[in-house]
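To start, the structure itself, in structure tokens.
Index from 1, following the sequence.
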Amino acid sequence: SLGEDSTVIDFGDEVCIISTDPITGAIEGIGELAVHISCNDIAANGGHPVGVQVLLLLPETINEAQIELIMTDIDTTARKLGIEVLGGHTEITSKVKDVIVAVTAVGRAKRNQYVTSSGAQAYDSVIITKGVGIEGTLIIAKEFQDRIPGIVRDDILDLASQLSVVPEGLLAAQFGVSAMHDITEGGLLGAAIELASASELGIEIWESEVYIPALTERISSKLNLNPLALLGSGSMLITTDRGNDLIAHLRFHGIKAYIVGRIIPPTANFLVQKDGIKRPLPAFVQDELWNLYKNENGDHSDLESNH
């Protein structure tokens, strides 16, 4: 259903969690992103990833060295997460013009400990980990580096190290939370709308409480982007009726977290701006990264979304 990115299969004492995500884009780093976004879906259900199946659909212009780079990237990322590349399929076809990497992640969780996006309760606190716009900032820092002078390789490596939400997903599930959703397309606002829809409730986001990393703030200001609607893999959206306790629990384990809103009865979804004005959120949030590509290219007829 809308807002639920994984399937959960009952195996008795444990459940199996499966999620699939495609990603397109530049060859450099595509394998790392593909593994993380699928495993993040598993983490959003409170599961521990076990392994990934990888489908590569490749254009005829690709060469063997580029294919090896993608698979090395995938293997390295999987090893860092302590999981296996279970198998998959590689195909070179005239039907695609860009690299497509589709990853199916498989995970497991205790039957009484998995979490969905649909379990939020009215007046729960809404929490995010780390900050907004992590993945979008990483992509922009790589692809638009000439527009943002002063970005160094350490900035990119730091962002890349934050892409996984597996640690906070497992910690939050063990703590006991009502709902989780990893922040991807549409950023914080997109994830908030999906979680509220899945839970059949409303949500209120407080702009003044949202942590925006310094590089994300700088890039957003330079390119006139809304960081709250920027591709946000690397951050988890969590709801709980024990918000301060959860924040203390996560920070004890080295993960920064912030209360940025609350769940409300099912009237509408709102953004409370820094000036105190409350504005309804639209039913769908267009990701700022897509808008950037569209503006750079004049139209988006030949563009694919990153996910």
Side-chain angles (χ1 to χ4, degrees), residues 2-6 19 21-25 29-30 32-45 117 126-144 155-156 158-169 172 179-198 203 205-207 209-221 223 225-239 250 255-261 269 271 281-282 284-293 305-307:
L2 182 64
E4 298 287 5
D5 293 332
S6 304
S19 183
D21 260 310
I23 184 167
T24 64
I30 193 172
E32 179 180 31
L33 289 174
V35 172
H36 277 310
I37 64 171
S38 289
C39 289
N40 284 352
D41 284 341
I42 303 297
N45 286 110
S117 297
V126 175
I127 292 169
I128 62 167
T129 61
K130 298 172 189 163
V132 295
I134 293 172
E135 184 185 355
T137 303
L138 176 62
I139 292 170
I140 294 169
K142 287 181 177 179
E143 297 189 18
F144 295 87
D155 292 330
I156 293 174
D158 179 59
L159 287 168
S161 71
Q162 298 181 56
L163 286 172
S164 176
V165 294
V166 172
E168 53 257 54
M180 286 194 286
H181 198 300
D182 64 317
I183 297 176
T184 53
E185 295 95 341
L188 168 60
L189 300 184
I193 291 167
E194 287 197 1
L195 186 144
S197 176
I203 195 167
I205 300 296
W206 307 327
E207 185 180 23
E209 303 302 315
V210 177
Y211 176 69
I212 304 172
L215 184 56
T216 303
E217 181 78 70
R218 181 177 156 204
I219 285 175
S220 297
S221 177
L223 300 179
L225 305 176
N226 178 3
L228 275 64
L230 181 61
L231 189 62
S233 294
S235 180
M236 187 77 86
L237 185 68
I238 307 170
T239 64
L250 291 171
I255 299 170
K256 293 180 180 179
Y258 311 88
I259 295 177
V260 298
N269 304 313
L271 173 67
L281 291 175
F284 173 77
V285 175
Q286 181 76 68
D287 196 283
E288 287 291 84
L289 188 61
W290 176 269
N291 290 331
L292 175 61
Y293 282 133
S305 66
N306 279 276
H307 288 10

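Side chain of Ser220 to main chain of Glu217: no donor-acceptor pair is present (N/O by atom type, distance under 3.5 Å, no hydrogens or angles). Checking side-chain atoms of Asp287 against main-chain N and O of Leu231 turns up a donor-acceptor pair under 3.5 Å. Between the Asn40 side chain and the Leu163 main chain, a donor and an acceptor come within less than 3.5 Å of each other. Of the possible polar contacts, none joining the Thr216 side chain to the Ile212 backbone as a donor-acceptor pair under 3.5 Å is found. Of the possible donor and acceptor atoms, none in the side chain of Glu288 sits under 3.5 Å from a partner among the backbone N and O of Ala229. No donor-acceptor distance shorter than 3.5 angstrom exists from the side chain of Glu135 to the backbone of Thr184, with no hydrogens or angles considered. A distance-only check finds no donor-acceptor pair linking the side chain of Thr129 to the backbone of Ser235 [under 3.5 Å]. Within the 3.5 Å criterion, the main-chain N or O of Val126 finds no donor-acceptor partner in the side chain of Thr239. Without hydrogens or angle criteria, Asp21 side chain to Ser38 main chain gives no donor-acceptor distance under 3.5 Å.
When all heavy atoms are compared, the tightest approach of Asn45 to Asp41 is OD1-O, 3.3 Å. A pairwise comparison of heavy atoms in Pro282 and Val285 identifies CG-CG2, 4.2 Å as the closest pair. Taking each heavy atom of Ile42 and Ser19 in turn, the nearest pair found is CD1-N, 4.0 Å. Between Asp158 and Ser161 the shortest heavy-atom distance is O-OG, 2.6 Å. The minimum heavy-atom distance linking Ile238 with Ala172 is given by the pair CD1-CB, 4.0 Å. Of all the heavy atoms in Ile259 and Glu209, the pair that sits closest is O-CB, 3.5 Å.
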Before giving the answer on side chain to side chain contact (heavy atoms under 4.5 Å, CB included), spell out for Ile205 and Val210 the whole-Å C-alpha distance, their side-chain angles and the decisive distance to 0.1 Å.
CA-CA 8 Å; Ile205 300 296; Val210 177; 4.2 Å; yes
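The closest side-chain heavy-atom distance from Ile219 to Leu230 is not below 4.5 Å. Counting only heavy atoms from C-beta outward, the side chains of Val260 and Val132 never approach each other to under 4.5 Å.
Residue Ile193 holds its CD1 atom at 5.0 Å from CG of Leu281, rounded to the nearest 0.5 Å. To the nearest 0.5 Å, atoms CG (Leu138) and CG (Asp155) are separated by 10.5 Å. The CD1 atom of Ile203 sits 11.0 Å away from atom CG of Leu271, with the distance rounded to the nearest 0.5 Å. Distance check, rounded to the nearest 0.5 Å: CD1 of Ile140 to CG of Leu223 gives 6.0 Å. Here the CD1-CE distance, from Ile183 to Met236, works out to 9.0 Å after rounding to the nearest 0.5 Å. We find the CD-CD distance between Glu194 and Glu185 to be 8.0 Å, quoted to the nearest 0.5 Å.
Classification of the Tyr293-Phe144 ring pair by plane angle, with boundaries at 30° and 60°, yields tilted.
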